[in-house]
Amino acid sequence: MPEKRILLKHCGIINPREIDSYLAREGFKAWERARDEMSPESVVEEIKASGLKGRGGAGFPCGLKWELARKAEGKEKYLICNADEGEVGAFKDRFLIQNDPFSLVEGIAIAAYAIGARKAFIYLRAEYHHLLEGLKAAIDQAGQKVHLDHLDVEIYEGAGAYVCGEESALMDSIEGKRGEARFRPPFPPSRGLWGKPTVINNVETLATLPHIILNGASWFRGMGTAQSKGTKLFSVSGDVEKPGVYELVLGSSLKELVVDLCGARGVKMVQVGGATGGVIPYSMISTPLAYETVLGCGAVTVVNESREVLDFVYRTMQFLSEESCGKCTPCREGTEAMMEILSRLTTGDGKEEDLQALEDLSTTMMLSSLCGLGQAAATPVLDTLKYFRNDYETRITQSVFLRSLRGSP
Ligand SMILES: Cc1cc2nc3c(=O)[nH]c(=O)nc-3n(C[C@H](O)[C@H](O)[C@H](O)COP(=O)(O)O)c2cc1C
């Protein structure tokens with residue numbers, strides 16, 4: 001299946017610094033339709049009917065989240081656009097902000113109207129400082145040319161921590177605290193930023209909204225699989241000829257993306273969804289990209305036959321251990337312990353009991369960590385243990401043999 005450019009349709013065509021080029025291509029028509037022809041409740045209903053799920057990784061139904069916030073008590077409500085994009089191999093939000101900031105601003109206007117928020121924050125990744133000026137200009141131009149009187153949009157530069165992309169840590173960060181995951185419930189739509197009802201949506205989720213309002217929920221539902229509607233952006237990197245951002249209808253296969261479009265050859269495995277994402281071996285390259293199977297935020301890292309599985313998993317765990325916020329013990333200690341075991345295995349000091357220890361740690365972390373980081377940190381370990389167990393066992397056999405030569409236990 002070829003690419004389907006809906007979110008990317010303005011990229012490379014409009015001038016991202018000049019709103020007139022966006023207005024000339026039906027820009028802000030969706031916002032005007034929502035404001036002039038639809039009540040906030042009917043916007044929520046339309047998005048619910050579209051089946052749009054969050055594009056930031058967790059895949060929560062967008063309209064349902066809005067409904068909860070809209071119905072929550074209190075006049076003051078907030079919308080937060082999550083532009084932290086700290087996930088390993090993720091760069092699709094950056095691409096959108098760089099090439100079409102107006103779709104994002106339009107999406108923010110629609111979402112804020114729907115949930116009844118008069119204040120929106122864009123939490124911009126610290127490393128994306130170079131995007132700040134362009135994004136500010138887009139907000140200013142939209143304020144001048146299109147009526148956005150209902151809304152004040154503020155850009156908040158992130159804290160440079162992976163965990164600050166996690167929604168509860170992100171809110172702590174905006175509140176001026178150290179970014180750490182919060183205990184839940186309460187969930188943000190009932191008690192979020194400064195205790196007020198808050199909706200947090202990813203950049204891509206918000207940029208999808210104008211297309212749904214303009215073309216209708218049933219048009220959007222007409223694309224994809226049973227539980228995965230619409231198109232999705234993928235940022236592809238690693239061992240491919242043509243890395244970049246691609247847009248595909250959900251349900252397209254991993255093979256279509258990495259082999260047919262990106263020219264990957266000699267693939268050993270692919271990690272989908274960033275550092276905590278699932279690992280797919282080449283034998284399963286026809287797996288559909290969807291919420292039902294494997295997706296996450298759409299970061300896709302291709303690993304070819306020249307690489308060692310264990311080295312890849314060790315480096316991933318090193319990242320997660322460094323980025324754990326440290327608030328909950330299972331994640332703080334679990335990632336550290338996993339890293340120690342993986343380090344032993346990669347340096348020829350592995351023991352037979354190490355594989356069982358990795359599996360036991362995985363279960364504990366999954367069940368008892370406070371946020372998605374710790375809950376999903378073991379995914380690459382478990383997946384590679386499942387599909388590449390031989391690589392682990394070979395390392396252990398080699399270690400045992402080398403130790404026997406040295407005369408050590
Ligand atoms: C460790 C961690 C990092 C995350 N980083 C991001 C991020 O950079 N951007 C993002 O949109 N969501 C990120 N998320 C998911 C958010 O917590 C949240 O689910 C998302 O922003 C909601 O928006 P959506 O429903 O539109 O996807 C992260 C989650 C975890 C556990």
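Note that ligands are numbered from 1 as they come in the structure, with each ligand's atoms numbered from 1 the same way. Positions are given from 1 along the sequence.
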For the 3.5 Å polar cut-off, considering only N or O atoms, please tell me whether [X] and ligand 1 meet it.
X	answer
Asn82	yes
Gly372	no
Arg55	yes
Gly56	yes

Regarding [X] and [Y], does a basic nitrogen lie under 4.0 Å from an acidic carboxylate oxygen?
X	Y	answer
Lys351	Glu353	no
Asp100	Lys9	no
Glu247	Lys232	no
Glu359	Arg389	yes

State yes or no: are the ring centers of His211 and Phe220 separated by less than 6.0 Å?
-> no
Plane angle bin for Tyr123 and Tyr156 - parallel if under 30°, tilted between 30 and 60°, otherwise perpendicular = parallel
Is ligand 1 under 4.0 Å from a heavy atom in the side chain of [X], in the backbone, in both, or in neither?
X	value
Thr205	side chain
Lys53	neither
Glu85	backbone

State the atoms of ligand 1, each with its element, that fall below the 4.0 Å cut-off from a heavy-atom position in [X].
X	value
Lys65	22 (C), 23 (O), 24 (P), 25 (O)
Ala58	19 (O)
Gly86	8 (O)
Asn201	23 (O), 24 (P), 25 (O), 26 (O)
Glu167	16 (C), 17 (O), 18 (C), 19 (O)
Asp84	8 (O)
Leu373	1 (C), 31 (C)

Between Asn202 and Asp93: side-chain donor-acceptor atoms closer than 3.5 Å | yes
Distance-only polar pair, side chains of Ser306 and Asn304, donor-acceptor under 3.5 Å |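 Ser306 vs Asn304: donor-acceptor pair found between side chains.
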Considering only heavy atoms, which of Leu320, Thr276, Asn202 lies nearest to atom 23 (O) of ligand 1?
->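 Of the listed residues, Asn202 has the closest heavy atom.
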Do me a favour and list the nearest non-hydrogen protein atom to atom 6 (C) of ligand 1 with residue, atom name and distance?
->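 The protein heavy atom lying closest is Gly165 O, 3.2 Å.
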Report the nearest protein non-hydrogen atom to atom 2 (C) of ligand 1: residue, atom name, distance rounded to 0.1 Å.
-> Glu166 CB, 3.7 Å
Is the cationic atom of Lys119 (NZ for Lys, CZ for Arg) positioned less than 6.0 Å from the six-membered ring centroid of Phe121 and within 45 degrees of its normal?
-> yes
Under 6.0 Å from the six-membered ring centre of Tyr291 and within 45° of its axis: does the NZ or CZ of Lys53 meet both?
-> yes
From the list Thr208, Val249, Leu250, side-chain contact (heavy atoms from CB on, under 4.5 Å) partner of Thr231 resolves to Val249
